[in-house]
Amino acid sequence: MLKSAMFRCGQLCSRVFAVEFDLRTEPLYFTLSSTPQELHHAHQQLFGDGEKLFSLHVHCDNRTEKARTHAEIKHKLSDTLSRDCDVFEASAFIPNVKNSVVKGFFIRDKSTTSLSEDILKTLQQSKSVCVFSYKREGQHCWQEQWSPVSPVEDSVRKYVTPAAAAEHHPSTLNIRNADVYYCMNEAYEVLQECTDIIPESKEVLKLVDEQLEKSRGEGFPVIVIEGLDATGKTTLTEALRDTLNATLLKSPPQCLAPFRQRFDSEPPLIRRAFYALGNYITAAHIGKESQRAPVIVDRYWHSTAAYAIATAVGGRVENLPKPDSELYQWPEDLLKPNLVLLLTVSPEERLRRLRDRGQDKTVEEAELEINQLFRLKVEEAYKRIQNPACIIVDASPSPQEVLQQVQHLIRNKCHL
Ligand SMILES: Nc1ncnc2c1ncn2[C@@H]1O[C@H](COP(=O)(O)OP(=O)(O)OP(=O)(O)O)[C@@H](O)[C@H]1O
Ligand SMILES: Nc1ccn([C@@H]2O[C@H](COP(=O)(O)O)[C@@H](O)[C@H]2O)c(=O)n1
């Protein structure tokens, strides 16, 4: 309660709100002030005249509870609100301040029956959800705390004031240790916090404990093959295993396969912690196997970070963290490979391969197909990761030609 009161009164005015009105453009930014200011044209569109407008934000101290509540509300809103309501992702943040984002939604109810109010009434009963309503009056719009029954006693009316675009897109501010993990303990602690709600977490943590990385001396080279789905990783890694007499490993490792579906249905905070821990288990296997033979790894940290960043960041490629951002730095405690190769093919060729393969597509694969923006962001994030950075390989030629190209690179870079 204290936390929500603080969010309402103290912090609200210093915050900027970002509403993802149209994913192909910048979000609409606004802040709140005690004096009315004329709305820009774009804001007039968002705060439509005669529509019922609400925003709601989730804030609570327990991060796993917060993440799950946000995911549940998202699900509920998209399930319950028909085509008469528009629901946009909205965040309240302090410009360029890390971890300042409070995630939420903006609802534009165009129905004649106040469709959204019933669901907001239910959601508002939760202490961690704060609902605001917006009233348009000519060129001005104000925000106040919303209650379904009577006006909120201490609610202060604040005017919507168009704000400038933030230097760092708000969705980049909370990535560290929420979408991408930079040390094992951070991911480990998230799963520890989930053991009551997700019993499988205990089993995953047990596997991590059992297989913790043994220190790796100078062994054989470790080569990671990365790329979007259907770029030819399996085909190439199997051919490399056979031609180099190498050991082939994957991340996530086979021992985590029984838990993958369970964690894939969780919000990013938990899902990404699972994949992060998978990399540490694979690292332990690499440490052991590289003493005996060269090791080829199908997906590793580049995949974990690139998909997580691309999913977390709304809208366009330009919204990604800047190329020199610390978010692209390899975790210090994770075993580094000697070489990372990124397979790239044109979107058309990749779709052809996906269709030819004719397998079931995961949700994310299906999303890649329909969401050009997402695909571009994953590829760009792959390319920005540093220490080690990846070398790009054109994987459009025949499997034999791709193999030869890669063997040549391995000979040059790893002297194999
Ligand atoms: N160089 C190539 N030229 C043409 N087709 C290819 C080539 N490499 C792989 N393929 C075909 O493309 C499809 C996808 O290849 P593959 O399964 O190796 O990709 P992947 O990157 O491992 O995919 P995923 O990540 O989804 O498992 C397969 O049907 C495979 O036979
Ligand atoms: N090291 C990894 C590997 C995978 N992921 C996540 O899994 C999805 C792709 O896996 P495929 O089995 O379909 O190749 C992708 O959505 C990644 O989010 C990961 O995070 N880290």
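Order of appearance sets the numbers: ligands from 1, and atoms from 1 within every ligand. Just so we're clear, the structure is a prediction, and the values are computed from it rather than from any experiment. Nothing fancy with the numbering, it's 1 onward along the sequence.
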Check: [X]/[Y] side-chain N/O donor and acceptor closer than 3.5 Å:
X	Y	result
Tyr280	Asp333	yes
Asp84	Ser111	no
Asn62	Thr64	yes
Arg15	Ser100	no

Taking the minimum heavy-atom distance to [atom], which of [options] ranks first?
atom	options	value
atom 20 (O) of ligand 2	Tyr307, Tyr275, Phe263	Tyr275
atom 27 (O) of ligand 1	Arg357, Glu401, Lys233	Arg357
atom 2 (C) of ligand 2	Val180, Leu228, Thr311, Thr304	Thr304
atom 8 (C) of ligand 2	Arg299, Lys250, Arg272, Arg260	Arg260
atom 23 (O) of ligand 1	Ser396, Ala230, Ala239	Ala230

Checklist line | Within-shell test, Pro399 vs ligand 1, heavy atom, strictly < 4.0 Å | finding: yes
Notebook entry, point to check: Quick one: does Asp356 get a heavy atom under 4.0 Å from ligand 1?
Noted result: no
For the ring pair [X] and [Y], is the centre-to-centre distance below 6.0 Å?
X	Y	value
His70	Phe105	yes
His40	Tyr29	no
Trp142	Tyr134	no

Next item on the list: Go through the steps to decide whether Arg68 and Glu266 satisfy the test salt bridge (charged side-chain N to carboxylate O under 4.0 Å, His left out), and finish with yes or no.
Entry: CA-CA 8 Å; Arg68 292 185 116 223; Glu266 289 297 327; 3.0 Å; yes
Next item on the list: Go through ligand 2 atom by atom and flag the ones less than 4.0 Å from a non-hydrogen atom of Asn279.
Entry: 1 (N)
Note to self: Using a 4.0 Å cut-off to any heavy atom of Arg271, which atoms of ligand 2 qualify?
What the structure shows: 16 (O), 18 (O)
Review item, side-chain donor-acceptor pairs of residues 179-187, under 3.5 Å, at least two apart:
| residue | atom | partner | partner atom | Å |
| --- | --- | --- | --- | --- |
| Tyr181 | OH | Leu269 | O | 2.5 |
| Tyr182 | OH | Leu327 | O | 2.6 |

Checklist line | Side chain, backbone, both or neither: the part of Trp301 lying under 4.0 Å from ligand 2 by heavy atom | finding: neither
Notebook entry, point to check: At a non-hydrogen distance cut-off of under 4.0 Å, which region of Asp229 contacts ligand 2 (side chain, backbone, both, or neither)?
Noted result: side chain
Check: Closest approach of Pro253 and Ile281, non-hydrogen atoms and distance?
Finding: CG-CG2, 3.7 Å
Could you tell me, atom by atom, which parts of ligand 1 come under 4.0 Å of a heavy atom of [X]?
X	result
Arg299	25 (O)
Thr234	17 (O), 18 (O), 20 (P), 22 (O), 27 (O)
Ser398	1 (N)

Notebook entry, point to check: Any N or O on Arg352 sitting closer than 3.5 Å to an N or O of ligand 1?
Noted result: no
